[in-house]
A.B. asks: 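The structure follows.
Just follow the structure's listing: the first ligand is 1, and inside any ligand the first atom is 1.
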Amino acid sequence: MTLPLQDNILIVDFGSQVTQLIARRVREAGVYSEIAPFNAAAEAFERLKPKGIILSGGPASVMWEDSPRAPQNFFDAGVPILGICYGQQTMMQQLGGNVEGGESGEFGRAFIEVKKGCALFDGLWSEGERHQVWMSHGDKVTQLAPGFEVVAVSDGAPYAITANEEKRFYATQFHPEVVHTPDGAKLLANFVRHVCGLAGDWTMAEFRATKIAEIREQVGEGRVICGLSGGVDSAVAAVLIHEAIGDQLTCVFVDHGLMRLGEAEQVVSLFREHYGIKLVHVNAEERFLGGLAGLTDPEKKRKFIGGEFIAVFEEEAAKIGGADFLAQGTLYPDVIESVSFTGGPSVTIKSHHNVGGLPERMNMKLVEPLRELFKDEVRVLGRELGLPDIFVGRHPFPGPGLAIRIPGEVTKERCDILRKADAIYLEEIRSAGLYDAIWQAFAVLLPVRTVGVMGDYRTYDSVCAVRAVTSTDGMTADIYPFDAAFLSRVATRIINEVKGINRVVYDYTSKPPGTIEWE
Ligand code: XMP
């Protein structure tokens, strides 16, 4: 790392599904942290010289032979340590306590009772209080390591929180990093600020600086290619990488002609003119629409678009002479979802289109500077990098674009009709001040024609559905409850202003049982 060392916390990862959440909570407390897998933790400790260590949870059992351990010298380094779940168990065992397999574990909501004050509880919890926490464990500590005492208990875990205040070692059986432990973020903030003594003045500006240094170190003199989709994630990744390595980055924008009104032009002018980023704008509309001709099955449409995108991207990469690295705007939720907890296959509801298949095919190394971030943090970073609000705050837009909002055959004419209707709908949402309260809002052009009357004429035109949902992650969603006056204003404008549509309906379906997109 080329940056001067900043105060930091080292998070040792034992493979928990939620280790990244620890990092996020520590960041929210204004403290920089890095995650190192347990087998690289010793090296990370030397490099980072952390002011505190957090040992994560994990799927292993400390009773298994060869299950992971924290480097033993961590416990003699004079640095505060917080062990969470598996981290607590290995810490207890490594320091001379005992852990046993429970016949039944504790999973989900549990209540702990505070038995004694401790530095983790400063300004937060007092003796005798009961608080909700989130447990997920089978094994449990049955004998404390010397110097530890119990400061909180739960029904299933007599050692729910233990502390060795002299050494500044703390251990929780539950997960403070998840939102179902309502005070968990404050407990972690107490650990990093009160116990480790860190100021809590770290910001996204520093994340930016650290990532820039990391990208420079990773890429060296190499060349990087980045596929822009018009979405927030790839845009933020590209701008950040450009700041790090300038003209070593080339962006490729495969314009499939299925974007919303004015969006493609906006991407090109923002990147080329505003940021001066080398951008190859591939106008592939004809190629995509040609291939979509006659396709009506949603999966066939999706598969064609995904495959064609990769083909076009590869051709363009070859034209510019290839690259050593492929940049992607992968976010933390993509990383979690790509690890199957059960290891079993899951049912494909929709084949999602992104550049996921590219790295293996193109034999390139990956640059993924946003891997640790959640969507809202990417937005903060985007603003930090000076991306305009209208771009950074934009609703998610699917890779296959308008093609999956036109059930049935996709034609240029139908794309143009939909673009106009969609633009009117979004304009009304923005002017009513509702845009940011909605996760996603869009129009859908149905392959259904109905009879209407306009003036003295009979019309026989398409139906347009409008949809708006609230959600936090796109996995589940609820409909947005517009008032009737708003919806009738939208319907009137669309029917009056868009030739080809004579009826507007509102989609009242939540997810599940519906999905957000129509195809
Ligand atoms: P569904 O329709 O499955 O969508 O409820 C959930 C979220 O994912 C978006 N979406 C996609 N995003 N490539 C993407 O990058 C895709 O192929 C794709 N399909 C759906 C959708 O817009 C919603 O936010």
A.B. asks: Under 4.0 Å, counting heavy atoms only: does His395 come that close to any atom of ligand 1?
C.D. replies: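 For ligand 1, residue contact (heavy atoms, under 4.0 Å) with His395 is absent.
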
A.B. asks: How about His281 and Phe271: are their ring centroids closer than 6.0 Å?
C.D. replies: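 No, the ring centres sit 6.0 Å or more apart.
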
A.B. asks: For ligand 1, which atoms have a heavy atom of Gly474 less than 4.0 angstrom away?
C.D. replies: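 Counting from 1, the qualifying ligand atoms are 6 (C).
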
A.B. asks: Could you walk me through whether Thr296 and Glu409 pass side chain to side chain donor-acceptor pair (under 3.5 Å), step by step?
C.D. replies: CA-CA 5 Å; Thr296 54; Glu409 189 178 3; over 6 Å; no

A.B. asks: Please could you name the atoms of ligand 1 that Lys511 approaches to less than 4.0 Å, counting only its heavy atoms?
C.D. replies: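 Counting from 1, the qualifying ligand atoms are 1 (P), 3 (O), 5 (O), 6 (C).
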
A.B. asks: Would Arg405 count as being in polar contact with ligand 1, using the rule that some N or O on each side must be under 3.5 angstrom apart?
C.D. replies: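 Arg405 vs ligand 1: no N/O contact under 3.5 Å.
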
A.B. asks: Should the pair His395 and Tyr435 be assigned to parallel (<30°), tilted (30 to 60°) or perpendicular (>60°) ring geometry?
C.D. replies: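 Ring orientation, 0 to 90° scale: parallel.
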
A.B. asks: Let me know which of Ile438, Asp478, Ile516, Asp507 forms a side chain to side chain contact (heavy atoms under 4.5 Å, CB included) with Val469.
C.D. replies: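 Testing Val469 for a side chain to side chain contact (heavy atoms under 4.5 Å, CB included) against Ile438, Asp478, Ile516, Asp507 leaves exactly one candidate, Ile516.
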
A.B. asks: May I ask you to list the atoms of ligand 1 that are less than 4.0 angstrom from any heavy atom of Thr515?
C.D. replies: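 In order of number, 1 (P), 2 (O), 5 (O).
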
A.B. asks: Using a strict cut-off of 4.0 Å, indicate which atoms of ligand 1 neighbour a heavy atom of Pro400.
C.D. replies: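 Here the atoms of ligand 1 in question are 13 (N), 16 (C), 17 (O).
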
A.B. asks: Could you check whether the rings of Phe14 and Phe38 sit parallel, tilted or perpendicular, using 30° and 60° as the cut-offs?
C.D. replies: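 Ring orientation, 0 to 90° scale: parallel.
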
A.B. asks: For ligand 1, find out whether one of its N or O atoms is nearer than 3.5 Å to an N or O atom of Ile516.
C.D. replies: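 Among all N and O atoms of Ile516, at least one is under 3.5 Å from an N or O of ligand 1.
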
A.B. asks: Step through it carefully: locate the ring centre of Trp134, locate the ring centre of Phe174, and say whether they are under 6.0 Å apart.
C.D. replies: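 Judged by ring-centre distance (under 6.0 Å), Trp134 and Phe174 do not meet the cut-off.
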
